[in-house]
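The block underneath contains the structure these notes are about, expressed in structure tokens.
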Amino acid sequence: MKRLVLFACLLAMVSGVYAVTQYRDFKSAEGKTIRGCIKAYDSAKKMVTIERDNKRKSTVPLAVFSETDQAYILEWKNQEGVRSSSKFKISCDRRVVKNWTEEEKGTITYSGGG
């Protein structure tokens, strides 16, 4: 169990780093290309914040992008819960089980494994 929790913590940290550095080429509806990564998407205003490879941020309307990139941005937004630390929290702290009452333990069983 401890290994599983440690693995989940490491996976969350690595995926957070990967999401930050995932640059790609976005095309506008007119065919111009810009290299950057998505930082935020406001679905109410349909505005996308892009960080270009020179670290400058720009907020532009979703309609500026090609249909393929619009679909990519919307899919990115759908997966936000996995990337968001406020929506996907993993706690690796240790708790003292011996002080719990029988009522608090509920159906916790110990199998003898690590």
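In this text the structure is predicted, and so the values were computed from the model without any measurement.
Among residues at least two apart or in separate chains, side-chain hydrogen bond (donor to acceptor under 3.5 Å, both in side chains) pairs with a member in residues 58-72 are Arg24-Asp69, Thr49-Thr59, Ser66-Asp69. Residue pairs satisfying the ring pair (Phe, Tyr, Trp, His ring centres under 6.0 Å) criterion with at least one member in residues 27-48, sequence neighbours excluded, are absent.
Among residues two or more places apart in sequence or in another chain, the side-chain contact (heavy atoms from CB on, under 4.5 Å) test is passed with Ile34 by Phe26, Arg52.
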Practice task
Apply the test side-chain contact (heavy atoms from CB on, under 4.5 Å) to residues Ile50 and Phe65: give CA-CA distance (whole Å), side-chain angles for both, the deciding distance (0.1 Å), then the verdict.
Solution key: CA-CA 11 Å; Ile50 299 284; Phe65 296 97; 3.9 Å; yes
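Summarising the geometry, atom NZ belonging to Lys57 is positioned 8.5 Å from atom SG belonging to Cys37; distances are rounded to the nearest 0.5 Å. If you take NZ on Lys39 and CD on Glu51, they are separated by 4.5 Å, rounding to the nearest 0.5 Å.
For the pair Ala29 and Ala63, the tightest heavy-atom approach, listed with the atom from each and the gap, is CB-O, 4.4 Å. Contact detail for Lys77 and Ser43: the closest heavy-atom pair is CE-OG, 4.5 Å.
Trp76 and Met47 fall into different hydrophobic clusters, where Ile, Leu, Val, Met, Phe, Trp and Tyr side chains are chained together by heavy-atom contacts under 4.5 Å.
Between Pro61 and Lys46 the shortest side-chain heavy-atom distance does not fall below 4.5 Å.
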